[in-house]
Student: 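Have a look at this one before I ask anything.
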Amino acid sequence: MIIAERKPLAEIIEMVQDCKKILVLACRGCVTVCSAGGEREAEILASLIRLGLKKAGKKAEVFDTSLVRQCDREYIDAIDQFKGKYDAIVSTACGVGVNFIANLRPDDNVFPALNTTFFGGSAEQGVWSEQCAGCGDCVLHLTGGLCPVARCAKSLMNGPCGGSVDGRCEIHPDVDCVWQMIYDRMGRLDRQQEMAQSAPIRDWSTAGHGGPRKQVREDLTV
Amino acid sequence: MSFTPDIRLFSCHYTSQQSCADEGKELSELGFPANIKMTRVVCTGKLEEVTLLKAFEDGADAVYVVGCPGDGCHNVKGSLRAAKRVQAGREALAELDVEPERAKMYHLPRGLHPEFVDAGREMNERIIKMGPSPF
């Protein structure tokens with residue numbers, strides 16, 4: 001899922017300091033699961049914006065609601081029920097949600113409440129870690145299912161850098177060296193011989209280096 | 001300038017049950033500040049961060065929570081969860097450049113102990129010194 005975290009309050013309050021009616025809009029997708037921008041967090045943020053503006057001597061109405069997702073046109077359309085009730089939307093969705101509102105509601109002010117951080121998972125409550133970089137050319141079949149693009153600090157493709165110590169990354173000593181993990185795992189799977197083959201020079205154009213990416217599925221378009 | 005602060009207390013049902021005996025008469029006789037408004041909750045773990053924030057929106061000068069000892073909660077981890085939410089509230093207050101000490105968590109044993117009254121007095125004295133809420 002997409003992982004995100006709330007921006008500093010001062011930054012958010014500065015965005016809306018001149019607004020009189022503010023809609024804090026939660027997303028019930030990924031950001032609910034990672035406790036950054038679901039209904040609970042939007043309710044908290046709405047309260048904090050009210051307190052922050054009040055402290056600054058500003059008067060504003062702030063209310064909160066949620067959409068099923070903010071990354072689909074059909075759900076964005078649900079905003080229209082609040083038309084006229086706000087002069088700015090503070091979206092607690094990931095950056096995709098903010099962009100979608102900006103794309104589909106050209107006359108609405110929309111501000112991001114979150115910093116979108118990475119694609120990750122939660123192996124234990126309250127802790128999320130990056131697992132995928134969305135690079136568009138997956139090599140997990142060659143690496144035992146562990147991603148060197150997302151999980152190696154240097155995104156190396158042909159084994160460790162030589163700087164790891166006791167299986168830990170030299171850049172982040174609290175992080176396991178993913179190439180050590182790949183090596184150990186391939187050994188357990190009796191596939192270590194596959195690692196002797198060099199990975200070819202990588203074409204990074206699929207990773208966003210060639211501009212915004214787009215995917216069209218003709219079988220689904222109507 | 002002296003003032004009478006508006007202090008909101010959210011207390012665990014078990015921690016405060018004897019404090020409420022005889023409609024709080026005994027509590028009052030022990031010197032528990034009359035300006036503290038107590039709300040009893042089934043478990044402090046049920047409290048949400050937004051409940052504490054809305055108390056400030058409603059005019060509170062300070063908010064505090066009294067729950068079971070961390071290793072002796074009737075609902076196992078309820079008071080530990082409450083402490084996390086109080087901490088989140090304190091951090092949010094700090095972000096708004098407001099004294100985090102306006103929100104506090106106490107872990108106290110069940111029943112009417114002097115500590116329950118002491119906590120109320122401590123909060124009251126602290127907030128009188130601090131002055132009214134900036135909200």
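In what follows, chains carry the letters A, B, and so on, assigned in the order in which the sequence lines appear, proteins first and then strands, with residues in each chain numbered from 1.
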Student: Yes or no on side-chain contact (heavy atoms from CB on, under 4.5 Å) for A/Lys55 and B/Val98, after CA distance, side-chain angles and deciding distance?
Tutor: CA-CA 9 Å; A/Lys55 182 168 177 276; B/Val98 172; 3.6 Å; yes

Student: Does the pair A/Glu43 and B/Lys54 meet the rule for a salt bridge (Lys or Arg N to Asp or Glu O under 4.0 Å), with working shown?
Tutor: CA-CA 10 Å; A/Glu43 193 182 8; B/Lys54 283 188 173 170; 3.1 Å; yes

Student: Taking CG in A/Asp137 as the centre, count heavy atoms belonging to other residues, nucleotides or ligands within less than 6.0 Å. Is the count above 12?
Tutor: yes

Student: Tell me whether the count of non-hydrogen atoms from other residues, nucleotides or ligands lying under 6.0 Å of CD in A/Glu11 goes above 12.
Tutor: yes

Student: Please report the shortest heavy-atom distance between A/Gly52 and B/Leu96, naming the atom on each side.
Tutor: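 The answer is CA-CD2, 3.7 Å.
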
Student: Please check if atom CG in A/Asp166 has more than 12 non-hydrogen atoms from other residues, nucleotides or ligands closer than 6.0 Å.
Tutor: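 Result for CG/A/Asp166: open.
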
Student: What distance do A/Leu48 atom CG and B/Phe56 atom CZ have between them, rounded to the nearest 0.5 Å?
Tutor: 11.0 Å

Student: Looking at B/Arg40, I'd like to know if its CZ atom is crowded, meaning that more than 12 non-hydrogen atoms belonging to other residues, nucleotides or ligands lie closer than 6.0 Å.
Tutor: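 It does: B/Arg40 CZ has more than 12 such atoms within range.
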
Student: I'd like to verify something: which residue of A/Leu51, A/Leu9, A/Ile44 has the highest number of heavy-atom pairs under 4.5 Å with chain B?
Tutor: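 Heavy-atom pairs under 4.5 Å are most numerous for A/Leu51.
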
Student: Heavy-atom cut-off 4.5 Å, strictly under: side chain, backbone, both or neither for A/Leu45 against chain B?
Tutor: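 A/Leu45 has no heavy atom closer than 4.5 Å to chain B.
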
Student: Does CZ belonging to A/Phe63 count more than 12 external heavy atoms closer than 6.0 Å?
Tutor: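 Yes, CZ of A/Phe63 has more than 12 neighbouring heavy atoms, counting only those of other groups under 6.0 Å.
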
Student: Could you check whether A/Lys7 pairs with B/Glu95 (Lys NZ or Arg NE/NH1/NH2 to Asp/Glu carboxylate O, under 4.0 Å)?
Tutor: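 Looking at A/Lys7 and B/Glu95, the cut-off is not met.
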
Student: If you measure from CZ on A/Arg40 to CD on B/Glu49, what distance do you get to the nearest 0.5 Å?
Tutor: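 Atom-to-atom, A/Arg40:CZ and B/Glu49:CD are 9.5 Å apart.
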
Student: Report, as yes or no, whether the 6.0 Å neighbourhood of atom NZ on B/Lys77 holds more than 12 heavy atoms from other residues, nucleotides or ligands.
Tutor: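 No, NZ of B/Lys77 has 12 or fewer neighbouring heavy atoms, counting only those of other groups under 6.0 Å.
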
